[in-house]
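Here's the structure, in structure tokens; my notes come after.
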Amino acid sequence: MAAPSCGAPGLWVRGSWQRLGNLFTFVSKPLCSAAAASRPLDAQRLAERLRAQKQEQKTKKPVPTNPVQRRVQELLRFTEQLQRVHPNVLAKALSRGLVHQDKDLVVINKPYGLPVHGGPGVRLCISDALPVLAKMLHGHKAEPLHLCHRLDKETTGVMVLAWEKEVAHKVQELFRTRQVTKKYWAITMRVPVPSAGVVDIPIIEKEVQGQERHHKMTLSPSYCMDNGKIVRVRTSRNAHLAVTQYRVLSSTLSSALVELQPVTGIKHQLRVHLSFGLDCPVLGDHKYSDWNRLAPQLSACILKKMGLPQSKARHIPLHLHACQLTLPALQPGKEELNLVCKPPRYFVHSLRRLGLKMPSRDQNGDEEATHSGAQ
């Protein structure tokens, strides 16, 4: 039986609501138009938003088919997203990758692209997540964790935090007095010669002249060549003593995996000594690959092995990883703390692409070169 209808055309009391919807649309359109006319500014903003969306769709880059290029694009997007996530999300991610935890210390695996401290243009840093991380590990009444040292934004690996401020000061003093043993892994362009040694060259900060004026750390050697003779020169009072031990763990004709042990702790010391001291810049070091330019200088051989065009070279991340840190005993009767952290996936993937081998530590503590496996 047909549903009874009201005398007004376009409106049904029972049955289908389609005609009711049509009538509502018919009546509401003039009202919406009148409201929009009274708010010209909102309409202008809406038009600007639509234009921006169209422009974004036009400039949206297609997903690369090459797996290496796709991985580089994902890493770049991940780095940008890190600056937009909430501290709670970052704290949860850090808690999942804990290297060590006891009543005095918490050791995290610092991710790539995340600064330790805040500053101009920094939306999120490790310091922002420390109060939340402490509550996740010790309950809602826990006090914020304290930083014991720092790592560069692009450097990954072992990072030590302390529960108490007194413990943090004690660890900081161990770092200051060079009682902490630190080891880094770096993938370099070209192979250091000799394969093992010590770089003992002071470092100083200087301004780079040119179109893009900027400051860089550079070498300030105490000796120079004069008519074929080694002559001692006066060192600038602003130069800092910098000493780095190194050894090549694996190498090919165009690249190497190098273990670095900094004796001193000067800003960007490892990158400067590798690039300007040994002429072997770190893969993905866009700042120190060249003195005059802020751009990576990758050889055609490395680009081919990585499967990347030259236009994508600037997206390659810095391949510098803090792999091991040995802390002396903080209290009498305790043993030293040996902290080891696996490199990130992009680091291991680059080793494979370049034909390098990653050392693995056996039960006796000796290192032997084996093919890099998935981490």
*Backbone of D104 reached by a side-chain donor or acceptor of E164 within 3.5 Å*: no
_E143 atom CD: more than 12 heavy-atom contacts under 6.0 Å_ = no
*Taking W163 for the side chain and A142 for the main chain, is one N or O donor matched with an acceptor at less than 3.5 Å?*
no
*Expected output: side-chain H100 to main-chain V160 donor-acceptor under 3.5 Å*: no
*How close do P144 and A134 get, heavy atom to heavy atom, and via which atoms?*
CA-CB, 4.1 Å
*Treat each ILVMFWY residue as a node, draw an edge where side-chain heavy atoms are under 4.5 Å apart, and state whether V243 and M217 are in one component.*
no
*For K92, does the NZ atom sit with more than 12 other heavy atoms under 6.0 Å from it, leaving out its own atoms?*
no
_Pairwise distance CD(Q269) to CG(L241) - rounded to 0.5 angstrom_ = 8.5 Å
*Any link between V263 and I266 through a network of hydrophobic side chains (Ile, Leu, Val, Met, Phe, Trp, Tyr) touching at under 4.5 Å?*
no
*Working to the nearest 0.5 Å, report the span between SG of C280 and CG of D285.*
12.5 Å
*Are side-chain heavy atoms of H149 and L325 found at a separation under 4.5 Å?*
yes
*Considering all heavy atoms, the nearest V158-V340 contact*: CG2-C, 4.4 Å
*How about N238 and E205: does a side-chain donor come under 3.5 Å of a side-chain acceptor?*
no
*Heavy-atom check, side chain of C125 versus side chain of H117, under 4.5 Å*: no
*Y346 and L318: which non-hydrogen atoms are nearest, and at how many Å?*
OH-O, 3.0 Å
*asked:* Which residue in the set K183, E259, Q261 passes side-chain contact (heavy atoms from CB on, under 4.5 Å) when paired with Q245?
replied: Q261
*Working for side-chain contact (heavy atoms from CB on, under 4.5 Å), residues L90 and D128*: CA-CA 9 Å; L90 174 59; D128 295 337; 6.0 Å; no
*Are side-chain heavy atoms of Y184 and L151 found at a separation under 4.5 Å?*
yes
*Is there a path of hydrophobic side-chain contacts, each under 4.5 Å between heavy atoms of I, L, V, M, F, W or Y residues, that connects L337 with V180?*
yes
*Do other residues, nucleotides or ligands put more than 12 heavy atoms under 6.0 Å from E335 CD?*
no
*What heavy-atom pair brings A313 and H286 nearest, and what distance separates the two atoms?*
O-CE1, 3.5 Å
_Check whether S127 reaches the backbone of V116 with its side chain - one donor and one acceptor, N or O, closer than 3.5 Å._
yes
*Out of curiosity, K135 NZ to L137 CG, how far, rounded to the nearest 0.5 Å?*
11.5 Å
_Keeping Y288 on the side-chain end and V282 on the backbone end, is there a donor-acceptor pair under 3.5 Å?_
no
*What distance do T155 atom OG1 and R150 atom CZ have between them, rounded to the nearest 0.5 Å?*
9.0 Å
_N/O donor-acceptor pair under 3.5 Å between K216 side chain and K287 backbone_ = yes
_Crowding at NE2, H215 (>12 non-hydrogen neighbours, <6.0 Å)_ = yes
_Q172 side-chain N/O to L147 backbone N/O, donor-acceptor pair under 3.5 Å_ = yes
*Which distance, rounded to the nearest 0.5 Å, do you find between the OG of S195 and the CG of L249?*
10.5 Å
*Any donor-acceptor pair under 3.5 Å from H319 side chain to P317 backbone*: yes
*Any side-chain heavy-atom pair of Q101 and H138 under 4.5 Å*: yes
*With S251 as reference, evaluate V258, V191, L354 under the side-chain contact (heavy atoms from CB on, under 4.5 Å) test and give the passing residue.*
V191
_Could you check whether any side-chain heavy atom of L174 comes within less than 4.5 Å of a side-chain heavy atom of P328, counting everything from C-beta outward?_
yes
*Look up atom CD1 in I108 and atom CG in L94, then write down how far apart they are to the nearest 0.5 Å.*
5.0 Å
*Within a strict 4.5 Å, meaning less than it, do heavy atoms of the R247 and P192 side chains meet?*
no
*For N109 and K342, work out which heavy atoms get closest and say how close.*
ND2-O, 4.0 Å
*Do V167 and L130 sit in the same hydrophobic cluster, where Ile, Leu, Val, Met, Phe, Trp and Tyr count as joined when their side-chain heavy atoms come under 4.5 Å apart?*
no
_Non-hydrogen side-chain atoms of K305 and T252 separated by less than 4.5 Å_ = yes
*Compute whether any side-chain donor of one residue and acceptor of the other, for H240 and T264, lie under 3.5 angstrom apart.*
no
*Test log, rule side-chain contact (heavy atoms from CB on, under 4.5 Å), inputs T181 and N338*: CA-CA 9 Å; T181 302; N338 187 34; over 6 Å; no
*Using the side-chain contact (heavy atoms from CB on, under 4.5 Å) rule, take L105 and L330 through it: C-alpha gap first, then chi angles, then the decisive distance, then the call.*
CA-CA 10 Å; L105 303 173; L330 298 179; 3.8 Å; yes
*In a check of side-chain contact (heavy atoms from CB on, under 4.5 Å) between L320 and each of L274, T156, L260, which one passes?*
L260
*Shortest non-hydrogen contact between S95 and L133, atoms and distance*: CB-CD1, 3.8 Å
_H273 (side chain) donor-acceptor with I201 (main chain) under 3.5 angstrom_ = yes
*Establish whether W185 and L283 are linked, either directly or via other cluster members, by ILVMFWY side-chain heavy-atom contacts under 4.5 Å.*
yes
*Parallel, tilted or perpendicular: ring planes of F347 versus H321, cut at 30 and 60 degrees*: tilted
*Under 3.5 Å: donor-acceptor pair, side chain of D152, backbone of E154*: no
*Is the closest side-chain heavy-atom distance between Y112 and P344 below 4.5 Å?*
no
*When you check the gap from the basic side-chain N to the acidic O, do E173 and R176 get nearer than 4.0 Å?*
yes
*Residues T218, I204; criterion side-chain contact (heavy atoms from CB on, under 4.5 Å); working and verdict*: CA-CA 5 Å; T218 187; I204 191 172; 3.9 Å; yes
